Amino acid sequence: MSRLRPSEFMAFLAVLILNVGAAAGDYAAARKELVDEITRDGRRVSLSTGIRGFDARVLAAIGNVPRHQFVPMLLRPAAYANRPLPIGHGQTISQPYIVALMTDLLELQAGQQVLEIGTGSGYQTAVLAELGVRVHSIEIIEALANSARAHLAETGYSGVVVRWADGYHGWPERAPFDAIIVTAAASHIPPPLVAQLKPGGRMVIPVGARFAVQQLVLVQKAADGGVSTRQLLPVAFVPLRRRR
Ligand code: SAH
């Protein structure tokens, strides 16, 4: 193989840099389009959610997180389509619209303690971190916990903690939490998670049997500890698994 002359090497480098630059620009433009689409959809969210347009902070978070860095390399060109994508191990990265909706429903304030069950790619984790909350995330598949940790570090979300465990039991040592988000569908609301919610806290969780239509449920714990639940809308999530 002949060696490149310095001028050829510089030309090669220039082409490489231009291509990388163009791709980054494409991603930014695609991400902006996605935010515009979610903004429009947010105004049409079903009345049952009580939402009239998404919180500007949630939209800004979606606009800041590089979703392409949380999907497999080959799927990067599709990273800003408003749909779920496969991330390996039979799991999926959630649809950005659903990520925005679930995040909005938690009504987060900076500095709050948040528990996430189902780290998956780490994308939802990053969106939560953008809101200035302290995220504790649990993933049951070790390989996904490891890759999510790596992607979160690469993209600069170093303050989140990812644990490899069965999230059904929550994280008692770090409880209580201001908010809990579950991104896999459970057959019932896990009692340990309700117990680990602070008074005044909110939990969003898809509930439903495997292969059946699931309902996104908002669980609220009142100041006196009373718990109320509200079914918001039909959704489709991978099942919450249990460790034997
Ligand atoms: N929020 C993720 C969605 C991932 S899909 C994202 O946007 O990428 C749901 C994830 O929940 C999967 O990674 C699955 O392995 C995980 N999961 C399923 N059951 C679990 C359990 N009991 N505890 C923790 N994670 C679980």
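Just follow the structure's listing: the first ligand is 1, and inside any ligand the first atom is 1. In what follows, every heavy atom counts, from backbone to side chain, and hydrogens, waters and symmetry copies are set aside. Given the structure is predicted, the values throughout are model-derived calculations rather than measurements.
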Write out the residue and atom name of the closest protein heavy atom to [atom], then the distance separating them to 0.1 Å.
{"atom": "atom 7 (O) of ligand 1", "answer": "S94 N, 3.3 Å"}
{"atom": "atom 6 (C) of ligand 1", "answer": "S121 OG, 3.6 Å"}
{"atom": "atom 5 (S) of ligand 1", "answer": "T92 O, 3.1 Å"}
{"atom": "atom 19 (N) of ligand 1", "answer": "R241 N, 2.8 Å"}
{"atom": "atom 13 (O) of ligand 1", "answer": "E139 OE1, 2.8 Å"}
{"atom": "atom 9 (C) of ligand 1", "answer": "T183 O, 3.3 Å"}
{"atom": "atom 17 (N) of ligand 1", "answer": "I140 CG2, 3.8 Å"}
{"atom": "atom 12 (C) of ligand 1", "answer": "Q91 OE1, 3.2 Å"}

For T119 and ligand 1, answer yes if some heavy atom of the residue is under 4.0 Å from a ligand atom, otherwise no.
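Flag set, T119 near ligand 1.
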Yes or no: does A148 have any heavy atom under 4.0 Å from an atom of ligand 1?
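No, that is not the case, since the closest heavy atom of the residue is not under 4.0 Å from the ligand.
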Would you kindly specify which portion of L144 sits under 4.0 Å from ligand 1, judged on non-hydrogen atoms: side chain, backbone, both or neither?
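The side chain, only.
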Using distance alone, decide if ligand 1 has a nitrogen or oxygen within less than 3.5 Å of any nitrogen or oxygen in D166.
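Indeed, backbone or side chain, D166 has an N or O that close.
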Pairwise distance NE2(H68) to OH(Y80) - rounded to 0.5 angstrom
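So the gap between those two atoms works out to 4.5 Å.
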Test side-chain contact (heavy atoms from CB on, under 4.5 Å) applied to V204 - qualifying residues, sequence neighbours left out:
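Partners of V204 by the side-chain contact (heavy atoms from CB on, under 4.5 Å) criterion, ordered by chain and then number, come out as M102, L105, L106, L216, L218.
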